[in-house]
Amino acid sequence: EEYELSRSRPKAVVTFSAEQEIESLLQRFEAGEVDAFWRLQLVMAVNPVDSQYVDLWATDLRVLLGWKSSAIEVRRRMITAAKRYVHECDPKCDSWVGSNRLPFEAAAGYRALLLLSHEEPAFLDELSQTIWACWAPLALTYHDPGEQSEGVRRLFGGIYAKAPDAVLETLSTLLTAGTIPSFVLDDIEIVWDDRVADRLMGMIQGAEPSQDFFSSVLAALLRHRVLGARDLAANAVKLRIAGEPFRSKATSAASDLLRYADDCGWGLVSPTILNDHEFGLEVFARIASIGGEGQVALSKRLTEDQLTELY
């Protein structure tokens with residue numbers, strides 16, 4: 001039986017005692033049944049009052065009722081089980097990364113790493129690069145929208161430090177499959193370096209990303225002043241006359257230059273938006289749609305002469 005994370009799946013109802021099942025699953029795992037550990041995590045999320053799952057999607061096992069209600073000795077056994085699980089379980093990431101699904105047994109390994117980062121961080125220092133690479137794709141595919149804790153950010157940094165190639169390959173796989181979640185670029189900012197910049201630059205130069213992804217990546221490249229980002233944006237603006245999807249990307253590129261480039265990219269953008277009024281309206285409509293922050297920042301960044309020229 002395979003469980004997969006799916007936010008559309010209704011809460012499951014169980015009819016057993018969570019405490020007894022936790023003990024049973026720990027014993028089964030300790031006897032060599034590796035799958036018992038991810039099944040244990042399902043049981044840990046059960047509310048004994050109504051037998052329904054609570055916080056099933058949480059990345060931190062310590063928030064689950066099964067952890068909170070367990071005795072210290074039982075928690076120690078869970079930690080020991082987590083150590084074995086990250087060594088013995090194969091998440092088989094190649095079979096599902098990019099497919100918009102996440103097998104629970106794979107998610108269980110990431111949760112094990114996060115638990116160990118809190119409870120026994122020294123253990124993580126002893127893990128081989130091979131083990132880190134095995135679990136690295138989870139850093140970009142398993143995300144709890146309600147949790148952006150320091151522990152999660154620290155674990156992401158640790159995974160990237162130990163297995164940067166695996167993280168970057170996962171990033172490329174998600175783009176190729178067209179399944180990059182919206183949170184990925186926010187997360188990748190945690191570990192931003194030249195390798196991340198080079199990979200992202202190559203991804204929007206050598207593929208046909210969506211407008212939203214193109215704009216998000218370009219904005220990040222401009223914020224980090226990555227060499228070639230301004231030229232990439234300028235070339236995109238020139239293609240506005242080629243029709244869709246080029247015009248939408250040109251609109252994104254121009255708005256990103258105005259919002260993030262040094263000097264607002266005024267020398268690159270102004271000739272176009274001043275001579276092509278329709279395009280200029282599209283650019284400022286996009287900035288307005290992003291929210292007040294972008295508009296306020298733009299009005300403060302343009303010089304008095306540039307504002308006069310614009311209005």
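All values derive from a computational prediction rather than experimental measurement.
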*Yes or no on side-chain contact (heavy atoms from CB on, under 4.5 Å) for Leu61 and Met78, after CA distance, side-chain angles and deciding distance?*
CA-CA 10 Å; Leu61 291 174; Met78 292 176 179; over 6 Å; no
*Carefully, step by step, assess Phe104 and Leu56 under the rule side-chain contact (heavy atoms from CB on, under 4.5 Å).*
CA-CA 10 Å; Phe104 203 93; Leu56 179 61; 4.0 Å; yes
*Is there a donor-acceptor pair under 3.5 Å between the side chain of Asp276 and the backbone N or O of Thr272?*
no
*Arg75 vs Glu119, salt bridge (Lys or Arg N to Asp or Glu O under 4.0 Å): CA-CA, chis, key distance, verdict*: CA-CA 10 Å; Arg75 292 182 184 182; Glu119 300 296 325; over 6 Å; no
Under 3.5 Å, which donor-acceptor pairs do the side chains of residues 67-74 form with other protein atoms, sequence neighbours left out?
| residue | atom | partner | partner atom | Å |
| --- | --- | --- | --- | --- |
| Ser69 | OG | Leu65 | O | 2.9 |
| Ser70 | OG | Gly66 | O | 2.4 |
| Glu73 | OE1 | Arg76 | NH1 | 3.4 |

*Given side-chain contact (heavy atoms from CB on, under 4.5 Å), test Asn47 with Tyr53 step by step and report yes or no.*
CA-CA 6 Å; Asn47 183 344; Tyr53 289 133; over 6 Å; no
_Checking Glu120 now: which residues fulfil salt bridge (Lys or Arg N to Asp or Glu O under 4.0 Å) with it, not counting sequence neighbours?_
Lys83
*asked:* Is it the case that the side chain of Ser117 and the backbone of Leu114 share a donor-acceptor pair, with hydrogens and angles ignored and the cut-off at 3.5 Å?
replied: yes
_Which atom of Ala58 lies closest to which atom of Val63, heavy atoms considered_ = CB-CG2, 3.5 Å
_My understanding is that only residues two or more places apart in sequence, or in another chain, count here; which of them pass ring-ring contact (aromatic ring centres under 6.0 Å, His included) with Trp192?_
His224
_Non-hydrogen atoms of Val196 and Val191 that approach each other most closely_ = CG2-O, 3.8 Å
*State whether the side chain of Arg28 and the backbone N or O of Asp35 hold a donor-acceptor pair below 3.5 Å, judged by distance alone.*
no
*asked:* Set out, in order, the CA-CA distance, both residues' side-chain angles and the distance that settles side-chain contact (heavy atoms from CB on, under 4.5 Å) for Arg195 and Asp198, then state yes or no.
replied: CA-CA 5 Å; Arg195 292 171 295 184; Asp198 290 344; 5.8 Å; no
*Where at least one partner belongs to residues 215-227, residue pairs that pass salt bridge (Lys or Arg N to Asp or Glu O under 4.0 Å), sequence neighbours excluded*: Glu189-Arg223, Arg225-Asp262
_Has Trp135 got a side-chain atom pairing as donor or acceptor with Gly109's backbone, closer than 3.5 angstrom?_
no
Validation: residues 121-131 side-chain donor-acceptor distances under 3.5 Å, sequence neighbours left out:
| residue | atom | partner | partner atom | Å |
| --- | --- | --- | --- | --- |
| Ser128 | OG | Ile131 | N | 3.2 |
| Gln129 | NE2 | Lys162 | O | 3.3 |

*What do you reckon, is CD of Glu19 surrounded by more than 12 foreign heavy atoms closer than 6.0 Å?*
no
*Going hydrophobic residue to hydrophobic residue with side-chain gaps under 4.5 angstrom, can you get from Leu257 over to Leu274?*
yes
_If you count heavy atoms of other groups shown closer than 6.0 angstrom to CG of Asp193, is the number above 12?_
yes
*Taking ring-ring contact (aromatic ring centres under 6.0 Å, His included) as the test, write out the residues that go with Phe29, two or more places apart.*
Phe37
*Expected output: side-chain Glu21 to main-chain Val43 donor-acceptor under 3.5 Å*: no
*Nearest 0.5 Å, what's the OG-CZ distance between Ser172 and Arg199?*
4.0 Å
_If I take atom OH from residue Tyr110 and atom OG1 from residue Thr141, how far apart are they, to the nearest 0.5 angstrom?_
9.5 Å
*Looking only at heavy atoms, which two atoms of Cys134 and Cys93 are closest? And how far apart?*
O-SG, 3.6 Å
*Find the distance between CD1 (Ile204) and CG (Leu175) and round it off to the nearest 0.5 Å.*
10.0 Å
